Amino acid sequence: VIRVGLLGCGTVGSAVADTLVRRRAELGERAGVDIGLSRIAVRSLAKSRSVSIAAHKWTTDPWEVVQDPDTQVVVEVMGGLEPACDLIRAALRRGKHVVTANKELMADLGGELLAEADEAGTDLLFEASVAGGIPIIRPLKESLAGDRIFRVMGIVNGTTNFILTRMSEEGCSFAEALEEARRLGYSELDPSADVEGFDAAAKLAILSSIAFDARVVSGDITREGMGHITAEDIRSAHDLGYEIKLLAVAELEGEEIAARVSPAMRPQTHPLAAVRDVFNAVFVEGTGVGELMFLGRGAGGGPTGSAVVGDIVEIARNIASGSRSVGGGWYRRPASIKNPDDAVARYYVVLSVLDQPGVLAAIASVFAHHGVSIASVRQEGRREEATLVLITHAASEGAHVATFKDLVALDVVKSLRSKMRVVGTDEG
Ligand code: NAP
Ligand code: HSE
């Protein structure tokens with residue numbers, strides 16, 4: 001019997017425990033060896049649990065799981081950097097295999113932990129850390145190992161996609177939609193990790209590292225959250241033929257990697273615009289394979305638990321056959337990160353302005369001064385309510401930022417109400 005110890009039994013952990021208990025015979029047959037649960041660590045023994053497991057297996061001390069001599073596979077689904085990192089490190093040093101769903105940890109300390117696993121000759125698998133139930137780590141590591149990937153782009157946060165869908169289709173408020181995502185177990189313990197784009201940035205760092213064979217960490221990703229998006233932005237996007245998504249994009253430009261998470265308007269005709277609700281999608285582009293799209297549920301116990309159990313079965317097979325999973329040496333090579341100001345972008349801009357002669361000319365001259373060309377402009381409202389909605393042609397991020405700074409300094413501009421990237425058009 002291969003014995004599995006769980007660190008955490010919340011949304012993801014309880015789905016994993018339930019599958020291991022209910023489908024033990026089937027998984028054993030598939031793995032070629034019986035897989036059993038050894039210990040489970042949680043914070044509180046008093047909480048009621050959806051899984052029925054013998055009382056003596058539960059503990060509030062996660063070190064008991066890691067130190068248990070009968071446990072060969074440690075599954076970390078508790079979240080956070082510490083004590084998760086110390087526990088995983090200790091498990092690997094004891095020759096145990098590890099499965100984790102922790103993207104925050106893998107994005108920043110994954111390189112160090114993978115080196116520990118290599119040293120110990122054990123497996124450290126993390127399929128569930130990116131895009132919930134979608135198999136994406138393994139295809140990038142294995143199936144696409146022969147290709148040269150130059151772009152990875154997608155919607156990799158279920159909570160924010162769920163919120164945007166509810167706001168867009170049902171007119172829900174941001175707060176109502178977030179509360180529902182939290183109730184369904186999609187959001188992180190601190191939902192600002194989802195809303196402010198930290199979760200998506202961590203996932204993009206993991207994807208970029210594997211896709212481009214270099215060690216990219218969360219701090220390398222230019223990040224902007226979606227908390228400022230209003231119902232008005234969504235309405236305006238629809239009027240212009242766009243859908244707003246929190247988009248994660250990483251590109252290889254020469255030897256440099258440009259990676260960004262930000263809200264963006266996409267044409268409604270683009271396949272990513274149709275990715276609704278808690279679904280995630282990852283577009284991968286390679287020189288040989290062309291375009292690939294991976295689609296599925298990006299959060300929730302069922303999908304994420306499925307990815308975790310898949311890793312457990314892989315490890316059980318490896319133990320049974322005396323082999324190891326494909327690691328990949330990406331974490332040994334430092335990444336060269338492109339200056340974000342040099343990235344090229346188009347923007348949607350909403351300005352509250354005075355409604356009087358010469359205003360448009362003054363605004364246009366600021367754009368012209370920074371070499372940013374205007375693709376379209378539309379005035380909405382009159383007098384005190386006058387608003388200009390502009391879309392720019394492609395220009396550098398730095399030129400756009402300088403333009404925004406000068407625009408808000410103009411007497412005729414009352415406020416910069418909104419600005420957002422426009423992507424997926426003919427101009428990029
Ligand atoms: P969760 O529902 O909050 O569960 C966390 C579990 O860990 C709980 O059982 C908690 O115990 C236990 N725990 C936390 N700190 C502990 C400590 N110091 N000692 C012992 N036990 C401790 O979290 P989750 O949503 O399952 O997420 C777990 C991990 O999976 C995170 O890294 C998350 O980013 C990742 N993930 C989540 C999803 C998702 O859809 N939820 C998807 C992909 C990846 P109690 O039950 O007693 O509180
Ligand atoms: N909070 C994350 C999300 C969980 O909403 O995508 C999946 O990683």
Side-chain angles (χ1 to χ4, degrees), residues 5-18 39-51 53 58-66 74-88 99-108 110 126-134 136-137 154-165 177-178 180-204 206-207 226 246 248 261 275 277-282 296-308 311:
L6 288 186
L7 300 172
C9 196
T11 303
V12 181
S14 55
V16 172
D18 184 60
R39 307 296 313 270
I40 306 178
V42 289
R43 240 181 328 225
S44 158
L45 292 178
K47 252 188 204 174
S48 79
R49 307 280 167 185
S50 55
V51 280
I53 289 161
W58 297 84
T59 174
T60 53
D61 180 4
W63 289 98
E64 276 186 25
V65 177
V66 167
V74 171
V75 175
E76 186 276 308
V77 279
M78 58 200 282
L81 290 181
E82 291 297 350
C85 185
D86 272 351
L87 289 160
I88 291 177
V99 176
T100 180
N102 193 331
K103 51 269 158 137
E104 188 189 1
L105 180 66
M106 286 309 294
D108 287 342
F126 48 98
E127 183 62 67
S129 66
V130 178
I134 303 177
I136 182 69
I137 305 281
I155 295 166
V156 292
N157 183 268
T159 301
T160 47
N161 207 40
F162 180 85
I163 294 172
L164 286 168
T165 306
L178 174 59
E180 198 180 345
R182 203 200 294 253
R183 192 176 50 72
L184 292 167
Y186 299 158
S187 67
E188 296 301 305
L189 195 58
D190 172 4
S192 67
D194 298 298
V195 172
E196 295 307 324
F198 292 102
D199 177 84
K203 291 167 177 167
L204 189 61
I206 296 171
L207 290 177
M226 54 78 73
L246 185 73
V261 167
V275 178
D277 215 76
V278 74
F279 279 80
N280 283 191
V282 183
R297 286 179 198 276
T304 313
S306 162
V308 170
D311 281 351

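Quick note: residue numbers are just sequence positions, from 1. Start at 1 and go down the list; that is how both ligands and their atoms are numbered. Everything numeric here is computed off the predicted structure, so don't read it as measured data.
In terms of polar-atom proximity, defined here as any N/O pair under 3.5 Å, Ala299 makes no such contact with ligand 2. For the pair Ser187 and ligand 1, the shortest N or O to N or O distance does not fall below 3.5 Å. Ligand 1 has no N or O atom lying under 3.5 Å from any N or O atom of Gly301, backbone or side chain. Considering backbone and side-chain N/O atoms, Thr60 never comes within less than 3.5 Å of an N/O atom of ligand 1. Not one N or O of Pro62 is nearer than 3.5 Å to an N or O of ligand 1, by distance alone. In terms of polar-atom proximity, Gly13 is not counted as a contact of ligand 1, lacking any N or O under 3.5 Å from an N or O of the ligand. At least one N or O atom of Lys103 sits closer than 3.5 Å to an N or O atom of ligand 2. Between Val12 and ligand 1, at least one pair of N/O atoms sits closer than 3.5 Å. Checked by distance only, ligand 2 and Ser129 stay at 3.5 Å or farther apart across all their nitrogen or oxygen atoms.
Considering Pro303, Cys9, Ala181, Gly10 only, the shortest heavy-atom separation from atom 1 (P) of ligand 1 involves Gly10. Nearest-residue assignment for atom 6 (C) of ligand 1 (options Gly8, Ala299, Ala202; heavy-atom criterion): Gly8.
When each of Thr304, Ile136, Val308, Val99 is tested with Glu127 by the rule side chain to side chain contact (heavy atoms under 4.5 Å, CB included), just one qualifies, namely Ile136.
Looking only at protein heavy atoms, the nearest one to atom 5 (O) of ligand 2 is Thr159 OG1, 2.6 Å. For atom 36 (N) of ligand 1, the nearest non-hydrogen atom of the protein is Lys103 NZ, 3.7 Å. Atom 16 (C) of ligand 1 has Met78 CE, 3.4 Å as its closest protein atom, hydrogens excluded (heavy atom only).
At a heavy-atom cutoff of 4.0 Å, ligand 1 is contacted by the side chain of Arg49 but not by its backbone. The side chain of Thr304, and not its backbone, has at least one atom closer than 4.0 Å to an atom of ligand 1 (non-hydrogen atoms only; side chain from C-beta on). Heavy atoms of Ala84 found under 4.0 angstrom from ligand 1: none, in either backbone or side chain.
When distances from atom 30 (O) of ligand 1 to the protein are checked, a heavy atom turns up under 4.0 Å.
Between Asp61 and Thr59, the side chains place no donor N or O within less than 3.5 Å of an acceptor N or O (distance only, hydrogens not considered).
The shortest separation from a heavy atom of Gly132 to ligand 2 is not under 4.0 Å, leaving the residue out of contact. In this structure, Glu104 falls outside the shell of residues with a heavy atom less than 4.0 angstrom from ligand 1.
Contact atoms of ligand 2 toward Lys203: 2 (C), 3 (C), 6 (O), 7 (C), 8 (O) (distance under 4.0 Å to a heavy atom of the residue).
In this structure the side chain of Leu184 reaches within 4.5 angstrom of the side chain of Phe162, judged on heavy atoms.
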